[in-house]
2 protein chains.
Amino acid sequence: MAQDKNLTIQDIAQKAGVSIKTVSRVFNNSPNVRQQKRDLVLGVAKELGYRPNISARQLASKRSFVLIHFYDNPNMDYLAGIYDGMREACSEQGYYAVAERLKLKNRSYKDALLDYLTRNPVDGVILSPPISDDKAVIREIEKRDIPCALISPGVKKRNCINVFIDEKMAGQKMAEFLIDRGHTKLAFISGLDSHSASAQREAGFWAAVEAHGLKRKDMMRIGGDFSMQSGFTAFNALAKSNKNITGVFAANDEMAIGTIIAALRAGKKVPEEMSVVGFDDSAFARAMWPPITSLAQPIEDMAKFSAQKIIDWIDTKDREQSHYEFATEIMVRGSCP
Amino acid sequence: MAQDKNLTIQDIAQKAGVSIKTVSRVFNNSPNVRQQKRDLVLGVAKELGYRPNISARQLASKRSFVLIHFYDNPNMDYLAGIYDGMREACSEQGYYAVAERLKLKNRSYKDALLDYLTRNPVDGVILSPPISDDKAVIREIEKRDIPCALISPGVKKRNCINVFIDEKMAGQKMAEFLIDRGHTKLAFISGLDSHSASAQREAGFWAAVEAHGLKRKDMMRIGGDFSMQSGFTAFNALAKSNKNITGVFAANDEMAIGTIIAALRAGKKVPEEMSVVGFDDSAFARAMWPPITSLAQPIEDMAKFSAQKIIDWIDTKDREQSHYEFATEIMVRGSCP
DNA sequence: ACGAAGAATGACAACGTTGTCAAATAACTT
DNA sequence: AAGTTATTTGACAACGTTGTCATTCTTCGT
């Protein structure tokens with residue numbers, strides 16, 4: 001198998017003794033092909049190492065074979081994870097994975113979307129936070145009957161494929177991780193309000209506080225914006241208070257890093273005098289020193305799964321289900337061992 | 001202009017009163033079309049908002065309209081810059097920008113390349129360090145007559161488009177920046193040997209030392225590998241020596257960050273007791289605290305330019321020149337103000 | 001065992017470009 | 001002004017698929 005040469009459907013059809021159209025049907029998972037022929041064709045194709053010509057497919061079918069990921073969160077780690085996952089699913093099925101930033105801050109982002117959609121037809125869409133919660137965007141996509149998957153949406157939509165982790169439970173797990181290690185005075189550093197995930201993580205935080213009978217007045221809640229910078233300021237707020245916080249839970253890794261650096265500058269040892277946990281398991285969290293204990297979500301798997309489900313949806317014109325929850329894992333590292 | 005509807009060459013030809021083929025010629029910058037007709041066609045096309053159908057083009061011409069960037073340096077900032085630059089040039093010309101990692105560490109990377117090239121035909125290639133110095137890769141690409149641009153190659157190749165900055169001069173500039181601020185005891189933290197850029201930056205460093213009559217024995221040279229981790233260890237080496245180094249030049253930002261964090265942990269203030277400069281002007285260098293003084297190269301422009309030149313090369317079957325040098329700039333920030 | 005209905009198959013024309021090659025036109029030569 | 005040559009144009013057949021629709025096989029009910 002895996003020969004070169006530009007084989008065409010013609011070649012396969014000839015060798016298998018069937019018509020061109022039957023081969024085409026097999027490769028499109030179309031119904032109405034006897035299993036026996038299907039196997040025959042697949043066998044011959046594999047033997048000869050045939051790969052369909054995407055351009056011809058696009059031209060004839062008027063499909064684009066493009067799956068696009070619209071995002072507005074410039075976290076490169078996260079994006080790379082999604083892209084890799086998408087690509088894995090796509091390349092198996094002869095689709096293209098594409099990513100495009102949609103800046104929600106710009107007033108005209110909806111026009112940009114429409115513009116993009118008319119200029120570059122796409123067969124499926126994946127949205128990540130915060131766009132997975134943008135009703136206007138989702139509406140436009142639904143209006144065009146484009147299959148759509150939402151990664152970690154704040155509210156699940158019934159017409160989309162929803163792929164998510166239990167953010168609240170994850171938040172609770174992280175808080176309990178701190179509590180289990182003896183910390184009773186905790187701080188939560190929140191992210192941007194436009195990301196509903198931050199609020200859910202916070203809810204989990206408070207649920208853990210409640211469940212373990214800790215006093216709310218020993219807790220602190222500091223508003224951040226997911227940036228390293230806001231981690232610095234958060235630490236300053238912490239230091240100014242006399243709450244004697246020893247456990248910090250930042251809603252993402254960048255803020256955790258910011259907190260740790262500010263702490264180091266202030267001469268406070270991490271984790272000896274203060275433990276910090278993050279969220280996202282980013283590359284920098286691993287590279288920091290101390291490396292940061294963080295919650296890992298299987299973002300690459302989630303993206304791959306989303307892409308796979310969208311492709312199924314395109315192929316079958318029907319999707320089985322719309323809710324898929326993924327498991328998370330705490331990566332224990334030096335910042336809170 | 002910019003109407004919707006799927007216009008075809010046919011429509012334009014009709015409205016302009018010329019043949020389909022003439023329109024095709026105009027859109028391919030083919031020679032042998034009277035300027036008058038060219039303008040006419042272009043005008044009509046613009047008025048109607050025509051956009052060529054890429055699939056049909058690919059199918060008929062057997063070109064892929066794909067420009068691919070092969071890389072093996074997982075620095076996301078750098079990659080994103082290159083990708084954005086490529087995409088800008090590509091989208092103007094109806095090309096696709098694609099990126100693919102080639103892991104030089106894997107013994108089979110050459111097979112992976114060949115595999116990729118036969119599976120996914122590409123019209124042009126852009127290589128970034130360290131791949132822009134890999135002779136085997138370059139040879140395979142030349143063998144297939146695929147136009148190729150090298151970004152920051154260690155040695156320029158005459159059959160490729162070479163796009164670069166003067167690494168040695170840049171290194172010298174950074175070292176002199178430290179010297180100008182009164183530092184006389186300097187350290188250089190090198191990167192991986194496989195990146196020739198690191199050696200050139202070091203050469204610049206020593207040139208500056210020489211030019212300013214500083215004593216070589218007051219200097220330190222510490223081997224790193226571009227990772228944050230190696231920045232930590234570098235600082236430790238620094239601290240152990242009794243050279244009393246006050247100015248550190250790291251061959252990239254990650255190592256500069258590592259150095260600073262290690263310094264903070266050791267209770268050494270940056271920049272008060274020690275100044276640190278980096279290289280690359282990465283997002284994290286800007287976000288750190290203190291933010292890091294770093295050398296910015298116009299990587300996005302360089303990539304856009306490379307893509308543009310490759311497309312010209314494809315179109316005209318001939319390239320004008322092969323060496324293009326870009327200017328750099330020191331971004332002065334808190335780590336060495 | 002005979003239709004009727006449904007499932008499986010194939011012939012052939014799209015799809016929107018570019019390549020080829022011949023025809024028409026312009027630009028020189030002498 | 002006629003003969004050459006170069007430039008410009010266009011007709012028509014690819015390119016490798018899928019859509020449509022007619023045809024042939026199955027299966028099932030009676």
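Note that this is a predicted model, so its numbers are computed, not measured. In the text below, chain A, chain B and the rest are named by the order of the sequence lines, each starting its count at 1.
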Considering residues at least two apart in sequence or located in another chain, which fulfil the side chain to side chain contact (heavy atoms under 4.5 Å, CB included) criterion with [X]?
X: Q308(A); answer: A89(A), E92(A), Q93(A), D312(A)
X: A112(A); answer: none
X: N120(B); answer: Y116(B)

Exercise. Walk me through it: do I161(A) and S306(A) pass the test side-chain contact (heavy atoms from CB on, under 4.5 Å)?
Key: CA-CA 7 Å; I161(A) 289 170; S306(A) 303; 5.5 Å; no
Please tabulate, one pair per line, all N/O donor-acceptor pairs under 3.5 Å involving side-chain atoms of residues 62-70 of chain A, not counting sequence neighbours.
from, atom 1, to, atom 2, distance (Å)
R63(A), NH1, Y95(A), OH, 3.2
S64(A), OG, V66(A), N, 3.3
S64(A), OG, P121(A), O, 3.0
S64(A), OG, D123(A), N, 3.4
S64(A), OG, D123(A), OD1, 3.2
H69(A), NE2, S128(A), OG, 2.8

Quiz item: Which one, dG16(D), dG10(D), dT17(C), comes nearest to the side chain of T8(A)?
Solution: dG16(D)
With sequence neighbours left out, write down each residue that passes side-chain hydrogen bond (donor to acceptor under 3.5 Å, both in side chains) with [X], or none if nothing qualifies.
X: E142(B); result: N159(B)
X: R144(A); result: E140(A)
X: S152(A); result: none

Nearest whole Å is fine: how far is [N] [atom2] from [X] [atom1]?
X: Q58(B); N: dG16(C); atom1: CD; atom2: C1'; answer: 12 Å
X: L59(B); N: dC15(D); atom1: CG; atom2: P; answer: 9 Å
X: Q10(B); N: dA14(C); atom1: CD; atom2: P; answer: 13 Å
X: D123(A); N: dT18(D); atom1: CG; atom2: P; answer: 13 Å
X: I20(B); N: dG16(C); atom1: CD1; atom2: C1'; answer: 8 Å
X: I9(B); N: dT17(C); atom1: CD1; atom2: C1'; answer: 6 Å
X: Q35(B); N: dT8(D); atom1: CD; atom2: C1'; answer: 14 Å
X: R51(B); N: dG16(C); atom1: CZ; atom2: C1'; answer: 15 Å

Need one value for [X]: base, sugar-phosphate or nothing, where a base atom within 4.0 Å counts as base even if backbone is also close, heavy atoms only.
X: P31(B); result: nothing
X: N32(B); result: base
X: I54(A); result: nothing

Exercise. To the nearest 10°, let me know how far the axis at one end of the helix from dA1(C)-dT30(D) to dT30(C)-dA1(D) is tilted from the axis at the other, five pairs an end.
Key: 30°
Exercise. Please check if the distance between the ring centroids of F305(B) and Y324(B) is under 6.0 Å.
Key: yes
Quiz prompt | Residue whose closest nucleotide on DNA chain D lies nearer the 5' end, V33(B) versus A56(B) | solution = V33(B)
Can you check nucleotides 23-25 of chain D for protein contacts, nitrogen or oxygen pairs under 3.5 Å, and list what you find?
none

Looking at [X], does any N or O in its side chain come under 4.0 Å of the phosphate oxygens OP1/OP2 on [N]?
X: K62(B); N: dT18(C); result: no
X: Y50(B); N: dT17(C); result: yes
X: S19(B); N: dT9(D); result: no
X: S24(B); N: dT17(C); result: no

Practice problem: Using the test ring pair (Phe, Tyr, Trp, His ring centres under 6.0 Å), find all partners of F27(A) that sit at least two apart in sequence or belong to another chain. | Solution: Y50(A)
Practice problem: Using a strict cut-off of less than 4.0 Å between a Lys/Arg side-chain nitrogen and an Asp/Glu carboxylate oxygen, indicate whether R87(A) and D84(A) qualify as a salt bridge. | Solution: yes
Quiz item: Which residue pairs satisfy the salt bridge (charged side-chain N to carboxylate O under 4.0 Å, His left out) criterion with at least one member in residues 16-42 of chain A, sequence neighbours excluded?
Solution: none
Nucleotides 19-22 of chain C: which of its N/O atoms have a protein N/O under 3.5 Å away?
from, atom 1, to, atom 2, distance (Å)
dG19(C), N7, K21(B), NZ, 2.7

